[in-house]
Amino acid sequence: MAQAKQITPRAKDFSEWYGDVIAQAQLADYSPVRGCMVIRPHGYRIWELMQRALDDMFRATGHRNAYFPLFIPMSFLAKEAEHVEGFAKEVALVTHTRLRATGKEGAGAIEVDPSSELEEPLVVRPTSETIIYAMFAKWIQSYRDLPLLLNQWANVVRWELRTRLFLRTTEFLWQEGHTAHVDEADAEREARTILGIYRRFAEEWMAMPVITGVKTESEKFAGALRTYAIEALMQDNKALQAGTSHNLGQNFAKAFGVQYQTAAGGLEYVWNTSWGVSTRLIGGLIMTHSDDNGLVAPPKLAPVQVAIVPIWKSDDERRQVSGVGDQVKTDLEKTGLRVELDVRDSLKPGAKYFEWEALGVPVRLEIGPRDLASGQAVLARRTGGKTPTPLQGIVGAVTAALDEIQAALFAAARARSEKNSIRGATKAQFIEFMKGGGGFAYGGFCGNPSCEAEIKQQTNATIRVLPDPEFRSKEAPRTCMWCGAPSVTEAVWAQAY
RNA sequence: CGGGGUGUGGCGCAGUCCGGUAGCGCGCCUGGUUUGGGACCAGGAGGUCGCGGGUUCGAAUCCCGCCGCCCCGACCA
């Protein structure tokens, strides 16, 4: 009885568990390049499904896709003061364009050709505000050109010291939206619209509950007027910033001279927004739902939604169960479901169950001779439970099960998130809470950055957001949870990824 | 960038103290028997022991130097 590869239980070591789930589900692997990851087909499929859903939502709100270069002149980055400061420490630079042979053997066979040094180094984009607004300056002349609503799907590079698969890697994939508007109100509306899209995507597709709100000055995007974010609580009670939407004000417009002529003939700077979500979402998905048996994928984003495992002894039985399995697969696929039929002869059914479970498949259908005799299949849910299900109407039963699983995952995640949130705690309770595993702590905040810094220093907790009205406590806090001064706003603290 | 750990077939490890020319489990390949929750038997393939020096008749093992990776802390989607 050989025991297959194990997944470290969450309770033992969350971080190892996270890595094991990714390995077992074949989502990603470490690459030969430090800090970079290879996204494997099963993981990339999740990203593709995410892309499709988000892209549809962007399109439905009037955005169009474009593509801007990977390389940005170094001088561009310097044009917006806060922006440089934010990214200077983690940019990769291209300084040369040629290698040459040395005539030596092995690793020393080639070297940088010093004569190929660029006059101005190119930055590998850590984000694209600068190059995009440089182009906006060319394209925008009149108020009739506004709003300009663009999005791009791209890779970006940020030279991180410490990396974790999906959550923080040197190179990652994302979408970045960039828009230009006639006035602040329109830009604000846009930033808010996108935040709503991110929230809806997190909840309806990822089954991941989030709280929305605005970032404090110290946590906002480098160069933004305001940063909005969706924040989710992971199973280890650490918060994950899962998406951000920035009202950039006129900071970049002024830096890059993005001006337009008003109807009255005046000249004004545009108001910009930028917003993004990345492959980090996959990390969030993993840490929201998965268990000690591997990945749990919400049905809407599961690369494989249904795995059919036929069971047989004789060749005769094999033909029969495989035939029925194939028919069921075809029927399910007709409704647009993603289905795999597992007819491998080298594994016993039990081994296949474990494998599909590790891959996060929400529904498994087991079809054996005894099932066929009674005209049924066994429907097993990734979230637990097996139900004999008549083959007549199996498509309806499967779709219903998938819908239920999607809803149940969201409900369970929301319940967990709420259970690990506290409101109205005293300073002492807050410190205790953050020491003992943490979670979301709602409380009054005086607005003083030094108070914020002190809290971070002592508890490692940061203000994730100043929550939007619907997430705020029924009664507004009167005093700062930390210093006791009058509260100017409610805040949500957590230790964060 | 600081602290800790680790490098030996694809993966996980033993062997290192006490030098003698590499082994175990899983995985992989072939054949057979199996198949309702991780099958079994038999045969087989696969390793410059992280890299570079040195000591020695002989180095995975001892000495010197270097490198990679992972984990934990400050910055970040």
Side-chain angles (χ1 to χ4, degrees), chain A residues 1-8 13-16 18-20 23-24 29-36 85-91 106-108 126-127 155-176 198 215 218-222 227 229-232 239-246 274-284 293-294 309-315 317-318 321 342-358 364 366-373 377-378 380 386 388 456-457 460 462 495-497:
Chain A
M1 179 70 75
Q3 200 67 351
K5 278 158 282 184
Q6 290 293 329
I7 293 171
T8 307
D13 186 333
F14 193 82
S15 181
E16 272 199 42
Y18 178 74
D20 288 349
Q24 291 298 303
D29 204 348
Y30 294 97
S31 81
V33 182
R34 154 198 211 123
C36 294
E85 180 143 355
F87 288 102
K89 291 164 295 186
E90 51 181 9
V91 292
T127 179
N155 59 336
V156 284
V157 168
R158 298 180 186 176
W159 216 260
E160 301 286 354
L161 300 178
R162 256 190 73 207
T163 58
R164 295 193 69 193
L165 292 176
F166 291 116
L167 299 177
R168 187 181 305 109
T169 49
T170 297
E171 180 189 8
F172 58 92
L173 306 182
W174 77 348
Q175 60 68 214
E176 49 180 322
Y198 287 164
K215 290 282 181 181
S218 69
E219 296 277 335
K220 71 166 199 191
F221 175 73
T227 290
I230 58 170
E231 294 273 337
L240 184 77
Q241 177 171 306
T244 48
S245 178
H246 318 290
S274 72
W275 28 275
V277 295
S278 71
T279 38
R280 174 179 251 204
L281 289 176
I282 297 173
N293 297 321
V309 180
I311 299 154
W312 66 80
K313 283 189 168 59
S314 63
D315 280 354
E317 286 174 346
R318 180 183 179 173
V321 292
D342 191 346
V343 292
R344 287 175 296 176
D345 200 14
S346 54
L347 294 179
K348 294 181 71 174
K352 295 179 182 178
Y353 301 166
F354 280 100
E355 201 174 297
W356 290 113
E357 278 166 13
R364 180 178 70 240
E366 307 167 8
I367 307 178
R370 290 208 296 274
D371 294 313
L372 286 196
V378 173
K386 289 193 187 191
K456 180 175 183 184
Q457 212 248 318
N460 205 24
T462 50
Q495 288 150 355
Y497 272 98

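Below, read A as the first sequence line, B as the second, and so on, with proteins coming before strands; counting in each chain starts at 1.
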Practice problem: Sequence neighbours left out, what passes side-chain contact (heavy atoms from CB on, under 4.5 Å) with A:Ser346? Give chain and number order. | Solution: A:Arg344

Quiz item: Does A:Arg168 make a side-chain donor-acceptor contact with the base of B:rC76, cut-off 3.5 Å?
Solution: yes

Practice problem: Measure from the side chain of A:Phe172, starting at C-beta and using heavy atoms only, and say which of B:rA77, B:rC76, B:rG36 lies closest. | Solution: B:rA77

Self-check item: Candidate nucleotides B:rG36, B:rC76, B:rA39, ranked by approach to the side chain of A:Glu160 - the nearest
Solution: B:rC76

Quiz item: Hey, does A:Leu281 reach any base, or is it just sugar-phosphate, or nothing, if we go heavy atoms under 4.0 Å?
Solution: nothing

Quiz item: For B:rA77, does OP1 or OP2 lie under 4.0 Å from any side-chain N or O of A:Thr279?
Solution: no

Quiz item: Distance between the C1' atoms of B:rC13 and B:rG27, in whole angstroms?
Solution: 14 Å

Quiz item: Is a side-chain donor or acceptor of A:Arg158 paired with a backbone partner of A:Pro126 at a separation under 3.5 angstrom?
Solution: yes

Practice problem: Can you sort out the partners of A:Lys386 under side chain to side chain donor-acceptor pair (under 3.5 Å), two or more places apart, ordered by chain and number? | Solution: A:Glu366

Quiz item: Between A:Arg370 and A:Thr170, which is nearer to the 5' end of RNA chain B once each is assigned its nearest nucleotide?
Solution: A:Arg370

Exercise. Please indicate yes or no: is the ring centre of A:Tyr353 less than 5.5 Å from the centre of the six-membered base ring of B:rG37, with the two planes inclined by under 30 degrees?
Key: no

Exercise. Give A:Gly276 one of three labels, base, sugar-phosphate or nothing, depending on what nucleic acid heavy atoms sit under 4.0 Å from its own.
Key: nothing

Quiz item: What is the distance from CZ of A:Phe14 to P of B:rC70, rounded to the nearest Å?
Solution: 19 Å

Practice problem: Return the set of residues passing side chain to side chain donor-acceptor pair (under 3.5 Å) with A:Ser278 (not counting sequence neighbours), or none when no residue passes. | Solution: none

Quiz item: When the C1' atoms of B:rU8 and B:rG2 are considered, how many whole Å apart are they?
Solution: 30 Å

Quiz item: With a non-hydrogen cut-off below 4.0 angstrom, is A:Arg364 in contact with a base, only sugar-phosphate, or nothing?
Solution: base

Quiz prompt | Gap between atoms CG and P, on A:Asp29 and B:rC70 respectively (whole Å) | solution = 11 Å

Quiz prompt | Euclidean distance for C1', B:rG50 against B:rC67 (whole angstrom) | solution = 7 Å

Practice problem: Quickly work out the A:Asp345 CG to B:rC29 C1' distance and round it to whole Å. | Solution: 16 Å

Practice problem: Please determine, for the side chain of A:Ser15, which listed nucleotide (B:rC72, B:rC70, B:rA77) has the closest atom? | Solution: B:rC72

Quiz item: Would one find more than 12 heavy atoms of other residues, nucleotides or ligands at under 6.0 Å from atom CH2 of A:Trp159?
Solution: no

Exercise. Write down the distance separating the C1' atoms in B:rG44 and B:rG9, rounded off to the nearest Å.
Key: 14 Å

Quiz item: When all nucleic acid strands are considered with a 4.0 Å heavy-atom cut-off, which category describes A:Val156: base, sugar-phosphate, or nothing?
Solution: nothing

Self-check item: Residue whose closest nucleotide on RNA chain B lies nearer the 5' end, A:Ser278 versus A:Asp13
Solution: A:Asp13

Quiz item: Which is true for A:Ser245 with a 4.0 Å heavy-atom rule: it touches a base, it touches only sugar-phosphate, or it touches nothing?
Solution: nothing

Self-check item: Inter-nucleotide C1' distance (B:rC51, B:rG7), Å rounded
Solution: 11 Å

Quiz item: On a whole-Å scale, what distance lies between the P atoms belonging to B:rA60 and B:rG20?
Solution: 9 Å

Practice problem: Whole angstrom is fine here: how far is it from CD in A:Glu90 over to P in B:rC1? | Solution: 16 Å

Practice problem: Kindly indicate whether the side chain of A:Lys352 and the base of B:rG36 share any N or O donor-acceptor pair separated by less than 3.5 Å? | Solution: no

Quiz prompt | Rounded C1' spacing from B:rC71 to B:rU33 in Å | solution = 46 Å

Exercise. With sequence neighbours excluded, tell me which residues meet ring-ring contact (aromatic ring centres under 6.0 Å, His included) with A:Tyr18.
Key: none

Quiz item: Closest heavy-atom contact between A:Cys36 and A:Glu171?
Solution: SG-N, 4.3 Å

Self-check item: A:Arg168 to A:Tyr497 six-membered ring, cation-pi geometry met (6.0 Å, 45°)
Solution: no

Quiz item: Between the base of B:rG37 and the side chain of A:Glu355, is there any donor-acceptor pair under 3.5 Å?
Solution: no

Quiz item: What's the closest nucleotide to the A:Glu366 side chain, out of B:rG37, B:rC71, B:rA77?
Solution: B:rG37

Quiz prompt | Integer-rounded Å distance: B:rG73 P and A:Gln457 CD | solution = 15 Å

Quiz item: Starting at CG of A:Asp342 and ending at P of B:rG36, how long is that distance when rounded to a whole Å?
Solution: 13 Å

Quiz item: In dot-bracket notation, what is the pairing pattern of RNA chain B, taking Watson-Crick (N1-N3 plus N6-O4 or O6-N4) and G-U wobble (N1-O2 and O6-N3) contacts under 3.5 Å, with [ ] crossing and | for other strands?
Solution: ((((((((.[[[[.)....(..]]]].((((((.....)))))).....[[[[[..)....]]]]])))))))....

Self-check item: Nucleotide nearest A:Lys348 (side chain, heavy atoms from C-beta), chosen from B:rC72, B:rC76, B:rA39
Solution: B:rA39

Quiz item: With respect to the side chain of A:Glu357, which nucleotide from B:rG37, B:rC75, B:rA77 is positioned closest?
Solution: B:rG37

Quiz item: Between atom CG in A:Asp371 and atom C1' in B:rG36, what is the gap in whole Å?
Solution: 8 Å

Practice problem: Check whether any side-chain N or O of A:Asn460 sits under 3.5 Å from a backbone N or O of A:Gln495 as a donor-acceptor pair, and report yes or no. | Solution: no

Exercise. Please determine if a side-chain N or O atom of A:Lys456 lies less than 4.0 Å away from the OP1 or OP2 oxygen of B:rC75.
Key: yes

Quiz item: Atom CD of A:Gln24 to atom P of B:rC26: distance rounded to whole Å?
Solution: 16 Å

Quiz item: Hey, does the side chain of A:Asn460 come within less than 4.0 Å of B:rA74's phosphate (OP1/OP2), counting only N and O?
Solution: yes

Quiz item: If the C1' atom of B:rG5 is compared with that of B:rC24, how far apart are they to the nearest Å?
Solution: 23 Å

Self-check item: Sequence-distant partners of A:Lys220, salt bridge (charged side-chain N to carboxylate O under 4.0 Å, His left out), two or more places apart
Solution: A:Glu82, A:Glu217

